[in-house]
Number of protein chains: 2
Amino acid sequence: MNDLTINLEIHSSIPLYEQIYKYIKNEIQNGGLPFGERLPSTRKLAKYLQVSRTTVDMAYEQLVSEGYIEALPYKGYFVCELDGLYRLMPVQNQVKRFREEPKEIFTYDFSPNGIDLDSFPQNAWRRLSKTILQEENRKLFQLGDPQGEYELRLMLAQYLRQARGVETSPEQLVIGAGNDFLLLLLCSMFGTGQKIAMESPTYKKAYELFGNLSNELRVIEMDESGMRIDRLSDTDAQIAYVMPSHQFPLGTVMPVKRRMQLLEWAAGAADRYIIEDDYDSEFRYKGRPIPALQGYDRNDRVIYIGTFSRSIAPAIRVSYMVLPRRMLSLYQSRGRSISCTVSRVDQMLIAAFLNEGYYERHLNKMRAVYKGRHDVLLEALRPLRSICEIRGEHAGVHILLTFTNGMHEEEAVRLAAKQEVKVYGLSGYFVGAAGLRREDTVILGYANLSEAEIRSAVARLKTAWMPLNE
Amino acid sequence: MNDLTINLEIHSSIPLYEQIYKYIKNEIQNGGLPFGERLPSTRKLAKYLQVSRTTVDMAYEQLVSEGYIEALPYKGYFVCELDGLYRLMPVQNQVKRFREEPKEIFTYDFSPNGIDLDSFPQNAWRRLSKTILQEENRKLFQLGDPQGEYELRLMLAQYLRQARGVETSPEQLVIGAGNDFLLLLLCSMFGTGQKIAMESPTYKKAYELFGNLSNELRVIEMDESGMRIDRLSDTDAQIAYVMPSHQFPLGTVMPVKRRMQLLEWAAGAADRYIIEDDYDSEFRYKGRPIPALQGYDRNDRVIYIGTFSRSIAPAIRVSYMVLPRRMLSLYQSRGRSISCTVSRVDQMLIAAFLNEGYYERHLNKMRAVYKGRHDVLLEALRPLRSICEIRGEHAGVHILLTFTNGMHEEEAVRLAAKQEVKVYGLSGYFVGAAGLRREDTVILGYANLSEAEIRSAVARLKTAWMPLNE
């Protein structure tokens, strides 16, 4: 029998029982203690190591629970067969928490997908997270409802009614990990081969996703009110995908009259639906937000999709979808078999964030921050108004500049890049046949730049685009 | 000017500045302080309320940051226009954290989908979660890599090599919120109309999911080694979906020879693939686990899918997929546009769980727990061996009982239910045309029952199925 000469480090931060556990585990793994070997009794080992018997008991218990040794009544502890036991080595090289980002060559980036994370309420988030994990609730780790936690759906129904005029019961709500997932889920519910109308330019990922799943896409012309309903009616489309609150990327806010026409179109045939992507609806700088299209719908035709990615943080991965009542049986038969993609902990976290008033505060704070940046940007752009028009400035966190002096998009992007300012051409967002393209417009997202950065960046744009005025 | 008679509660747990903030916010929302009204100076209000000026400053700052009031230089604080400000009421009725579960009429439930959560390392999980959220890392809340965090993929590659013999680089790994999502992603990469071979009985959700996305399904007969490759070769299938480690629900472990035949089939034509769902591979009770099919593959044809749902907890929602190298360009063009469905916090949590040795310990512990239950169940079932055969007992956390005394599945389920024991008929898992059905087999999952519960439940099954032997 091995005497187990363990060099215990009394002053180590590793508890003594853990040191004993690790030593014996290592001995077993290395063959120092072979299969069938009897271990010293806890009494004997405790005496030998001059530690309490409880300490040795704890070490042995841990080894038993992990299958390294077994206790035979009246006989003692014996080394088990190692076959089938896991032995995993940690990754050897010290790994960077995050991968090296590609070297940034731009000083200022007007990314339309940025959001301000300095205002993210880290402390509240941490506190709520801690509270939820501390409730000794095993249910948190059991598989939840495929639709999402009932409590979160109840909170969301209330929030959506108050903030967006959306009429929904928790039964109509489906929680999912991002808009892309919810669109995949919808596709699998509808089945492939749907005729889907989209605006151009649009959210290109949705266009690709629908196309990859063998749907037929109909690109519909837009005017200053959004998707043209006369053109939509000319097609065989059954589903229209729109962003009425703040069209991406044009920033168009669909007026009420056009919304009514769209709802009328949907009611005009048995199986027509509208997918309302309520993109960037949270931030509007003039007057009250226009309620969502869904709230005006009297014919149960609108599928409403919203996300916390932009209003809280992109990495949160929580989106939500309101199904019309008529689609609930379809969801039961073809959607419900797909398990919920958001962890229960995250769902309870968002529910608490909503119900304890943090979300209200956060939205108002972000609105104030973004409004400040929005106003600074518009003010700073004033000297450039002789060469461009501004659009899409009433909501969201980006605007469009359309050049009136004949400058082309590529040239504008290139000249800005020379000044280390990144702006985005609109043409990248067009889908379907060419001809609809406008190549005289760039996008400026301002969510990720401070007011001072915006001023400096616009000064550089002026140098880039109006060199003669220097 | 309103004198702001605020009844401060000095001994409240709510900080004084918060009480002042809330009072003024309420006054503004209720119209007591209308748009344009000037607020008392911080000095004056502090004196009036007999609090420090810092306290009032903090309240005013909070109100400014949320857009309720604004500070005009040299003039003071004024109430802002409320239009567009969010005002969200909490849900009125006290809501139960979790919805009432349907009343359990079974005393013992041999669910094949159960897992033991008593052994879930809640403390370690909480501690890691706290550590990760405490690192002041804004990047955690920015949108991450669509494939998943590089660090997690690195850990996973190492784990899969050591534990499952899977050969992969982090570049081939894709993280997703559950197997269902990963299968949706695969469908959207391959495009619809694929000819997919499946076993019967099988994981029915996958069968439905493939079908909903307009793939053509070919149901392949099984024998005691798993999917029959001769039958597979007779079809036009391009993709074979298999669970070689522990077929669900049959529990068949595919022998190496059959694995080689399957790999040979895949190599036999240009665009053939195998989807290896490594279901329940973590727990094997006799000898070393058989390495995954993927590890034997020399032709780059295996798509490997695994999950932490069963080895950690179902609500964790983290699965992973290893793509063959030849599919990486397809992923770039058709898969990468779908954002990762797992939050960065959860990804870092799992990475730490793996790298700091918790996963190894947890797996060994669970293996010991499940082996104990497995042995007790087989022992308890001994008296029933005169009426049934046991299958699928070498791995996983469920077994199959096939009646040899002519008893039918429905009868067995019904008789067990009379004793308040829930067992599951195998026929529910068959897919495709009838004829393959066996109706003399029930499934007993034991992950969710203690050893004592298993003994009592089996005693009841004996009463139910062998009444004459009482």
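Naming convention: chains lettered A, B, ... in sequence-line order (proteins, then strands); numbering from 1 in each chain.
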Residue pair A:R317 / B:L143, side-chain heavy-atom distance below 4.5 Å: yes

Is B:V342 in contact with chain A via its backbone, its side chain, both, or neither, using a 4.5 Å heavy-atom distance? backbone

Supply the atom-to-atom distance B:R344 CZ to A:I316 CD1, rounded to the nearest 0.5 angstrom. 11.5 Å

Side-chain heavy atoms of B:Q62 within contact of A:R361, under 4.5 Å: yes

Counting N and O atoms only, with roles assigned by atom type, does the side chain of A:K205 sit under 3.5 Å from a partner on the main chain of B:S337, one being a donor and the other an acceptor? yes

Among B:C340, B:G357, B:S309, single out the residue with the greatest number of heavy-atom pairs under 4.5 Å to chain A. B:C340

Can you tell which of A:H362, A:K371, A:E282, A:M366 has the highest number of heavy-atom pairs within less than 4.5 Å of chain B? A:E282

So, A:K130 and B:S129: side-chain donor and acceptor under 3.5 Å apart, yes or no? no

Side chain, backbone, both or neither: which part of B:C80 has an atom under 4.5 Å from a heavy atom of chain A? neither

Part of B:L209 within contact of chain A (heavy atom distance under 4.5 Å): side chain

Which answer fits B:K204, side chain, backbone, both or neither, if we ask what part of it has an atom under 4.5 Å from a heavy atom of chain A? neither

Of all heavy-atom pairs between A:S188 and B:L213, which one has the smallest distance, and what is that distance? CA-CD2, 3.6 Å

Is B:F190 in contact with chain A via its backbone, its side chain, both, or neither, using a 4.5 Å heavy-atom distance? neither

To the closest 0.5 Å, what do you measure between CG (B:N179) and CD1 (A:I338)? 12.0 Å

Tell me, side chain or backbone of A:F210 under 4.5 Å from chain B's heavy atoms, or both, or neither? neither

Name the option with the most non-hydrogen atom pairs under 4.5 Å to chain B; the candidates are A:S119, A:A313, A:G193, A:G191. A:A313

I need the A:N212 CG to B:R334 CZ distance, nearest 0.5 Å. 3.5 Å

Top contributor to chain A interface from B:Q162, B:E208, B:R161, B:M189 [non-hydrogen pairs under 4.5 Å]: B:Q162

For each of B:Y21, B:Y159, B:Y68, tally heavy-atom pairs with chain A at distances under 4.5 Å, and name the one with the top tally. B:Y21

May I have the step-by-step check of side-chain contact (heavy atoms from CB on, under 4.5 Å) for A:D346 and B:S343, ending in yes or no? CA-CA 9 Å; A:D346 281 359; B:S343 80; 3.6 Å; yes

Check: B:G67 main-chain N/O paired with A:R367 side-chain donor or acceptor under 3.5 Å: no

Any idea which of B:S339, B:A368, B:G144, B:G178 has the most non-hydrogen atom pairs under 4.5 angstrom with chain A? B:S339

For residues A:Q122 and B:Q134, determine if any side-chain heavy atom of one lies less than 4.5 Å from a side-chain heavy atom of the other. no

Would you say B:F181 and A:L184 make side-chain contact, with heavy atoms under 4.5 Å? yes

Say you draw a straight line from CG of B:N364 to CG of A:L63; how long is it, rounded to the nearest 0.5 Å? 10.5 Å

Whether B:K25 and A:E360 form a salt bridge (side-chain N of Lys/Arg under 4.0 Å from carboxylate O of Asp/Glu) is what I want to check. yes

Apply side-chain contact (heavy atoms from CB on, under 4.5 Å) to residues B:Q142 and A:L117 and explain how you reach the verdict. CA-CA 8 Å; B:Q142 281 170 356; A:L117 282 173; 3.1 Å; yes

